[in-house]
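Structure first, then comments.
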Amino acid sequence: MRQVTKVLSSTLVAAAAVGIGLLLAFALPRTLPAAPPDPETPSADTVVHTGRLPGYESAPQNTTPEYFWYLYNGNLSAASDGCLAVLLENTPGNDCAMQVRYTLPDGTVLFTTPLLQPGEYLLNAYPETLPAAGSYGVTLTMLVYHEEEDPAAEEPFATYTEQATLTVPQDAALRPA
């Protein structure tokens with residue numbers, strides 16, 4: 001009889017353990033470990049660099065002071081954080097600095113670049129505003145200044161205009177300031 005009691009007790013303890021395990025497994029709410037936070041998207045390179053635009057190092061340089069040469073991206077596409085790859089260069093050999101204003105057909109200025117000296121380039125820029133998803137014509141106005149001119153106080157001595165296309169995908173939005 002003692003043997004039967006021991007077996008019965010052991011069976012009851014095992015059944016209770018299995019029952020508690022099943023209760024914990026199925027009856028209590030399940031929580032998954034928290035997903036790691038999304039790493040913050042690093043900002044694009046919006047610094048003015050000295051040298052040639054990467055990939056265009058062998059492009060011709062200005063050798064005639066009467067002319068003004070530049071390189072620009074004619075097919076802009078907004079990244080998910082709103083950044084635009086402007087790929088803009090004030091070609092070496094120029095005698096003047098330049099600033100470029102990007103404007104939508106309705107007159108909205110997307111942004112104006114910093115002043116680029118001859119032999120400087122800009123890879124990316126964040127616009128001040130971003131239109132809804134779609135494709136837009138953009139006017140680039142190259143504002144050209146002599147070395148002694150102050151762009152904040154004086155009008156450029158020359159301007160050139162170019163056309164580009166801006167594509168804004170559905171998921172594009174300006175990054176928080």
Side-chain angles (χ1 to χ4, degrees), residues 38-177:
D38 288 336
E40 187 174 316
T41 303
S43 295
D45 181 359
T46 59
V47 176
V48 173
H49 296 276
T50 301
R52 298 300 312 261
L53 194 60
Y56 295 89
E57 293 87 357
S58 60
Q61 298 185 92
N62 187 359
T63 57
T64 308
E66 298 88 42
Y67 298 114
F68 187 79
W69 293 15
Y70 49 84
L71 298 174
Y72 72 98
N73 182 5
N75 291 304
L76 304 165
S77 182
S80 60
D81 66 350
C83 182
L84 304 176
V86 295
L87 307 175
L88 181 65
E89 178 185 280
N90 184 347
T91 307
N94 286 334
D95 287 337
C96 302
M98 77 174 191
Q99 224 174 4
V100 181
R101 184 182 315 125
Y102 290 73
T103 310
L104 292 173
D106 67 2
T108 302
V109 175
L110 292 171
F111 64 95
T112 301
T113 68
L115 195 64
L116 298 173
Q117 298 298 327
E120 291 184 337
Y121 66 90
L122 180 65
L123 294 173
N124 301 293
Y126 285 98
E128 297 165 16
T129 184
L130 194 63
S135 183
Y136 302 88
V138 176
T139 300
L140 284 67
T141 305
M142 282 58 171
L143 309 166
V144 182
Y145 298 93
H146 284 297
E147 187 176 317
E148 63 278 356
E149 287 183 303
D150 178 9
E154 299 181 63
E155 292 293 317
F157 88 90
T159 59
Y160 303 99
T161 59
E162 300 287 350
Q163 297 300 310
T165 301
L166 169 63
T167 303
V168 180
Q170 289 292 335
D171 67 340
L174 290 177
R175 69 183 174 140

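This one's a predicted model, so the numbers in the text were calculated from it and none came from an experiment.
Inter-residue side-chain proximity for Arg52 and Leu71 is flagged as met; some heavy-atom pair is nearer than 4.5 Å. Side-chain contact between Val144 and Phe157 is present, with at least one heavy-atom pair separated by less than 4.5 Å.
For the side-chain hydrogen bond (donor to acceptor under 3.5 Å, both in side chains) test, residues two or more places apart in sequence or in another chain that qualify with Asp45 are His49. Partners of Thr139 by side-chain hydrogen bond (donor to acceptor under 3.5 Å, both in side chains), not counting sequence neighbours, listed by chain and number: Gln163.
Remark: the backbone N or O of Thr91 is not paired with any side-chain donor or acceptor of Asn62 at under 3.5 angstrom. Judged by distance alone, with hydrogens and angles left aside, the side-chain atoms of Glu57 form a donor-acceptor pair with the main-chain N or O of Gly55 at under 3.5 Å. At least one donor-acceptor pair closer than 3.5 Å links the side chain of Glu89 to the backbone N or O of Leu53. Between the side chain of Asn94 and the backbone N or O of Cys96 there is no donor-acceptor pair closer than 3.5 Å. Gln99 places a side-chain N or O within donor-acceptor distance of the main-chain N or O of Thr113, the cut-off being under 3.5 Å. Although no hydrogens or angles enter the test, the distance criterion places no donor-acceptor pair under 3.5 Å between the side chain of Asn124 and the main chain of Ala44.
Leu84 contributes atom CG, which lies 5.5 Å from atom CZ of Phe111 (distance to the nearest 0.5 angstrom).
Between Tyr160 and Tyr70, the two ring planes are tilted [angle within 30° to 60°].
Among the candidates Val100, Leu140, Val86, the single residue satisfying the side chain to side chain contact (heavy atoms under 4.5 Å, CB included) test with Tyr72 is Leu140.
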